[in-house]
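One structure is given here, and the rest of the page talks about it.
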Amino acid sequence: MAKVLVIGSGGREHALAWKFAQSPQVDQVYAAPGNPGMAQVAQCVDLAADDVDGLIRFVRQQHIDLTFVGPEVPLCAGIQDAFAAAGLTLFGPSKAAARLEGSKMFAKDMMSRTGIPTAAYASFSDYRQASAYLRRQPMPVVLKADGLAAGKGVIIAQTQQQAQQALKEMMCDGLFDQAGASVVIEEYLEGEEFSLLSFVHGETVIPMEIAQDHKRAYDHDEGLNTGGMGAYTPVSHLSQSVVQEAVERIVRPMASAMVKEGCPFTGVLYAGCMATAQGVKTIEFNVRFGDPECEVLMVSLQDDLYQICQDVLAHREVTLHWSKDPVLGVVMASKGYPESSTKGAVITGLDEAEGIVFHMGTSVRDGQLVTNGGRVLMVTAQAPTLLQAQQKAYAAVNKIHCDSLFWRTDIGQRGIADRVDKNGKQE
Ligand code: AMP
Ligand code: GLY
């Protein structure tokens, strides 16, 4: 029997630990540092996600067979390299390969050299040059901080004045700290967005079912960009040919390009894609599971995640199986997110909520479950139709009580509304 360590403390890691715990080959899952939800399926250990020496010591002591990293920060800092040097198996990319997420400039450069479709762009580390270039761009325009900014480092400006203001805040006023010292200025793409995640090991690419995230904070895609306010899978209104195009023109070429670049990618490669009138284009790459995409994908995945990791690492052939029933999840976030967040508000009603509730940001205080950050819970449900999954998820959301939470009320609506349009009736 095998032991698995999941690194991280959010909803994505809760879903991963939950899934690993179901493997008939795994008898113990550990989570570092984990969260109260993960404690139901794993043993939480008090080690931070960036305490690489401590984690390596723990993995050696406990004879852990596989370590799976949830968040991008330790991957970009080189945790895989440290584990590899210690002779330990960690499913995730090296520091060099993680630059696909850690530096938007690196990702854009790799895409343009490889001919991978993406928005036209220019990158700058000089404010005056950036400002002059920006003045010549049509609106809307997209500004991206070069470095990591927890999914919030993107600003879509509607007017030249807004764009110049945002550029100044990023490059001169430290809006995203060092991450914004360099920026990418990008053409605004219009179309339907989707998340295509794949297990990748060198040239081996095993695409998953696609999912759709909801990045903006409020209903009807209003408000600021967030880490994601809800997700669902599959996305049936996008055709298989669109997905195939994304696999063949975006994911496979990037996996090959990384091999040629001397930094082969191992792990989960996340392609944020936009189906535009001019074909599928890349919005971004991430070097790990998306959060909240991971939660819905893990509920839908019918196969043993531990076996998948072993097979991918051994370059064995893998066929993934997904549930026919859609899965939809609603994020409950602290009021004020993504700009600010509160902690310590008591949450009740979880036991009455039907469905699977993944913990994104919770802790326990005086024996009570309390909020502990921006995104707090991901309430996930599965049903024979997307509409039913949506109704079930919101029924569960309404059972959960906490004064300081808000959520979007339209998760999955694009998938449902589209069905109404095309067929004249709902699913
Ligand atoms: P990113 O962190 O690069 O995924 O950007 C966050 C979100 O901003 C994306 O999920 C899109 O919704 C939006 N976005 C980013 N780049 C573009 C673009 N070039 N055109 C339109 N929307 C974009
Ligand atoms: N849900 C988007 C991300 O994880 O980056």
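Both counts, for ligands and for their atoms, begin at 1 and track the order of listing.
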Check: Is Asp213 close to ligand 2, meaning an N/O of one under 3.5 Å from an N/O of the other?
Finding: yes
Item checked: Pair Glu284 + Lys144: basic N to acidic O under 4.0 Å -> no
Notebook entry, point to check: Looking only at N/O atoms, are Phe289 and ligand 2 under 3.5 Å apart anywhere?
Noted result: no
Margin query: Closer than 4.0 Å to some heavy atom of Pro292 - which atoms of ligand 2 meet that?
Written below: 1 (N)
Notebook entry, point to check: Given that the side chain starts at C-beta and the backbone is N, CA, C, O, which of these parts of Glu187 lies under 4.0 Å from ligand 1, counting heavy atoms, or is it both or neither?
Noted result: backbone
Note to self: Can you tell whether the side chains of Lys108 and Glu186 come within less than 4.0 Å, N to carboxylate O?
What the structure shows: yes
Next item on the list: Give the atoms of ligand 2, by number and element, whose distance to some non-hydrogen atom of Tyr270 is under 4.0 Å.
Entry: 2 (C)
Notebook entry, point to check: Considering only heavy atoms, which of Lys215, Glu190, Glu193, Lys144 lies nearest to atom 12 (O) of ligand 1?
Noted result: Glu193
Check: Do any heavy atoms of Gly290 fall under 4.0 Å from ligand 2?
Finding: yes
Note to self: With respect to Lys215, determine whether any N or O atom, backbone or side chain, lies less than 3.5 Å from an N or O atom of ligand 2.
What the structure shows: no
Margin query: Please classify the Glu293 to ligand 2 contact at 4.0 Å (heavy-atom distances, strictly less than): side chain, backbone, both or neither.
Written below: side chain
Next item on the list: Closest by any non-hydrogen atom to atom 19 (N) of ligand 1: pick that one out of Glu186, His214, Met274.
Entry: Glu186
Check: Which of the listed options, Thr276, Ile156, Ile283, Asn286, holds the heavy atom that is closest to atom 17 (C) of ligand 1?
Finding: Ile283
Checklist line | Test: Arg99 cationic atom under 6.0 Å from Phe106 six-membered ring centre, within 45° of axis | finding: yes
Check: Would you call the rings of His315 and His201 parallel, tilted or perpendicular, where under 30° means parallel and over 60° means perpendicular?
Finding: parallel
Notebook entry, point to check: With a 4.0 Å cut-off on heavy atoms, does Lys104 reach ligand 1?
Noted result: yes
Margin query: Using a 4.0 Å cutoff against the non-hydrogen atoms of Asn286, which atoms of ligand 2 qualify?
Written below: 5 (O)
Next item on the list: May I ask you to check if ligand 1 and Leu189 share an N or O to N or O distance below 3.5 Å?
Entry: yes
Item checked: Option among Glu295, Met360, Arg408, His214 that satisfies the side chain to side chain contact (heavy atoms under 4.5 Å, CB included) test with Val331 -> Met360
Checklist line | Derivation of the salt bridge (charged side-chain N to carboxylate O under 4.0 Å, His left out) call for Glu354 and Lys399 | finding: CA-CA 9 Å; Glu354 225 189 295; Lys399 292 271 163 63; over 6 Å; no
Notebook entry, point to check: For residues Thr409 and Asp219, is any side-chain donor paired with an opposing acceptor at under 3.5 Å?
Noted result: yes
Margin query: Tell me every residue that passes side chain to side chain contact (heavy atoms under 4.5 Å, CB included) with Asp81, counting only those two or more places apart in sequence or in another chain.
Written below: Ser94, Lys95
Check: Measuring from the heavy atoms of Arg288, does anything fall under 4.0 Å of ligand 2?
Finding: yes
Checklist line | Which of the ligand 1 atoms, numbered from 1, are nearer than 4.0 Å to a heavy atom of Tyr188 | finding: 20 (N), 21 (C)
Margin query: On a heavy-atom basis, I'd like to know which of Asn225, Val154, Val184 is closest to atom 5 (O) of ligand 1.
Written below: Val154
Next item on the list: Can you sort out the partners of Glu248 under side chain to side chain contact (heavy atoms under 4.5 Å, CB included), two or more places apart, ordered by chain and number?
Entry: Gln244, Arg252
Item checked: Parallel, tilted or perpendicular: rings of Phe406 and Tyr218 (30°, 60°) -> tilted
Item checked: Side-chain donor or acceptor of Tyr394 paired with backbone N/O of Ile411 under 3.5 Å -> yes
